[in-house]
Amino acid sequence: MRERLLAAEKVKAIEWREDALHLLDQRVLPLQEVWRSYGDAPAVAGAIREMVVRGAPAIGIAAAYGIVLAARVRLAEGGDWRAALEADFQVLADSRPTAVNLFWALNRMRDRLDKLKPDDDVLAALESMAVSIHQSDREANLTMAQLGAELIRKNQGNPQNLLTHCNTGALATGGFGTALGVIRAAHLEGMVERVYADETRPWLQGSRLTAWELAGEGIPVSLNADSAAAHLMKTRGITWVIVGADRITANGDVANKIGTYQLAVTAMHHGVRFMVVAPSSTIDMNLESGEDIPIEERPGHELLEVNGQRFAADVEAVNPVFDVTPADLIDVIVTEKGIVERPDAAKMAALMSRSRLH
Ligand SMILES: CSC[C@H]1O[C@H](OP(=O)(O)O)[C@H](O)[C@@H]1O
């Protein structure tokens, strides 16, 4: 399966080259494919904040490369480069609040700095850590794709109708995707009749990104309004809702794109299985429950305009862009360390004590 997923790979969002960090601008996909170059931490932080790059794992990977770029600048400035680098850590940490992968990646970079030996090449050590964060995310996604596809096989392996929300594909990760990685693997195994992709208002990750990724690989996909999901679960024989995550707390509660919570409630009502797919870098064991997760609120104009053109009445808008699905609405969490069925605090602790499967 790994080889077949590698062979099918077509899309990437992040490219690290000697000169700079290169990001595919997800604000203009699918109508335009524009790559942009970033040379320092404030620029990378801006790209994360403005969602040039988005998706919990991809945000962490971009931030890690942002620290490599920052170290180049600070070392060239001379003086106490390590103290100066703290400002770069902060500007990256301040870019978006919900995806814990951002903070997980920055901590990995900080740990690498703290372990430097006097003769170490600082830039080489940081670059190696950032590349490792990027590559290990890809590897985790390949493992999760297989684990998730096996779950789909165990529950009616024949071609099934699946529903997904937001974008959890190669564009949101180091490659292959999390929930979309499972869907890709299931399709390769002949187990996908059709994927229903929520458009995912207001930023339209579904209609612009997921539909583009899946259609580009010949995976049968239909775009639907977010508000159609319940009706589709009732009338289209959907067997699984498969989503990603931005932060999973110690008790198994899941923060994900706004609209996920109501999908979980609806799935429970219709007897549709609910799968969350996320690498362990998304699990925050420091938070006891989802009540503690910071929920990003983005500007109201994202709801009131399209392409900068207002279409809404002259009212204010409220725009929380994540919500929290309680663990008791989740059938299974798939990670690269293994799966947790009917997650709870004890099972999450046991999961996090394991090493990764591959
Ligand atoms: C594997 S991506 C996880 C997660 O990130 C997305 O949010 P955003 O597009 O705002 O960065 C969405 O919640 C995905 O499910």
Side-chain angles (χ1 to χ4, degrees), residues 13-23 36-49 52-141 172-175 246-248 278-287 294 335-337 352-353 355-356:
I14 299 169
E15 193 164 309
W16 172 251
R17 298 205 294 265
E18 183 49 38
D19 64 323
L21 173 65
H22 301 268
L23 300 173
R36 300 192 187 283
S37 308
Y38 298 84
D40 61 33
V44 173
I48 293 170
R49 183 171 53 254
V52 169
V53 60
R54 35 65 51 199
I59 288 172
I61 294 164
Y65 286 126
I67 291 298
V68 180
L69 296 167
R72 287 181 179 175
V73 171
R74 298 306 185 181
L75 281 162
E77 288 172 348
D80 188 349
W81 63 270
R82 181 68 185 84
L85 203 54
E86 282 308 309
D88 302 301
F89 273 98
Q90 193 59 56
V91 76
L92 287 162
D94 290 344
S95 56
R96 292 185 77 188
T98 303
V100 72
N101 312 63
L102 169 63
F103 310 101
W104 173 85
L106 290 174
N107 287 337
R108 297 283 307 277
M109 299 302 283
R110 190 186 294 281
D111 288 348
R112 187 63 190 89
L113 282 168
D114 293 345
K115 293 185 174 73
L116 282 174
K117 298 185 181 68
D119 297 340
D120 280 343
D121 177 332
V122 175
L123 291 177
L126 287 176
E127 182 171 1
S128 172
M129 176 52 76
V131 169
S132 167
I133 288 169
H134 190 169
Q135 291 306 319
S136 68
D137 184 68
R138 284 167 57 84
E139 285 303 314
N141 293 338
T173 65
D246 292 81
R247 195 181 302 223
I248 302 173
S280 57
S281 54
T282 311
I283 298 174
D284 183 354
M285 295 301 280
N286 296 319
L287 294 187
T335 80
E336 80 283 13
K337 290 172 175 273
M352 292 305 279
S353 68
S355 54
R356 64 192 301 170

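Only this structure's heavy atoms are used, side chains among them; waters, hydrogens and symmetry mates stay out. Note that the coordinates shown come from a computational prediction; the quantities given were computed from them, not determined experimentally.
Remark: R82 CZ to D114 CG distance equals 5.5 Å, nearest 0.5 Å. With rounding to the nearest 0.5 Å, the separation of CH2 in W81 from CZ in R72 is 14.5 Å. Between the CG atom in L75 and the CG atom in L85 there is a gap of 8.0 Å [rounded to 0.5 Å]. How far CD1 of I248 is from OG of S281: 9.5 Å, rounded to the nearest 0.5 Å. Here the CD1-CZ distance, from I67 to R112, works out to 14.5 Å after rounding to the nearest 0.5 Å. Expressed to the nearest 0.5 Å, how far CG of L106 lies from CG of D88 amounts to 10.5 Å.
Taking the side chain as every heavy atom from C-beta outward, Y65 and L23 never approach each other to under 4.5 Å.
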Taking only distance into account, with no hydrogens and no angle test, what donor-acceptor pairs under 3.5 Å do side-chain atoms of residues 37-48 form with protein atoms, sequence neighbours excluded?
unit_1	atom_1	unit_2	atom_2	d
S37	OG	H22	ND1	3.1
D40	OD1	A43	N	2.8

Expected list for residues 55-63: side-chain donor-acceptor pairs under 3.5 angstrom, two or more places apart:
none

Taking distance alone, no hydrogens or angles, what donor-acceptor pairs closer than 3.5 Å link side-chain atoms of residues 115-133 to residues at least two apart or in another chain?
unit_1	atom_1	unit_2	atom_2	d
D120	OD2	K117	N	2.7
D121	OD1	L123	N	3.1
D121	OD1	A124	N	3.0
E127	OE2	W16	NE1	2.7

For this session: Go through the steps for L113 and F89 under the test side-chain contact (heavy atoms from CB on, under 4.5 Å), then give the verdict.
Result: CA-CA 12 Å; L113 282 168; F89 273 98; 3.8 Å; yes
For this session: Given side-chain contact (heavy atoms from CB on, under 4.5 Å), test R74 with E86 step by step and report yes or no.
Result: CA-CA 10 Å; R74 298 306 185 181; E86 282 308 309; over 6 Å; no
Problem set entry | Pair N107-D111, side chain to side chain donor-acceptor pair (under 3.5 Å): steps then yes or no | CA-CA 6 Å; N107 287 337; D111 288 348; over 6 Å; no
Exercise. Stepwise, does the side-chain contact (heavy atoms from CB on, under 4.5 Å) test hold for V68 with M109?
Worked result: CA-CA 9 Å; V68 180; M109 299 302 283; 3.9 Å; yes
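The two residues S95 and L102 come nearest to each other via the heavy atoms OG-CD2, 3.6 Å.
Residues E336 and R138 are not paired through a salt bridge, judged by the lack of any N-O separation under 4.0 Å between the basic side chain and the carboxylate.
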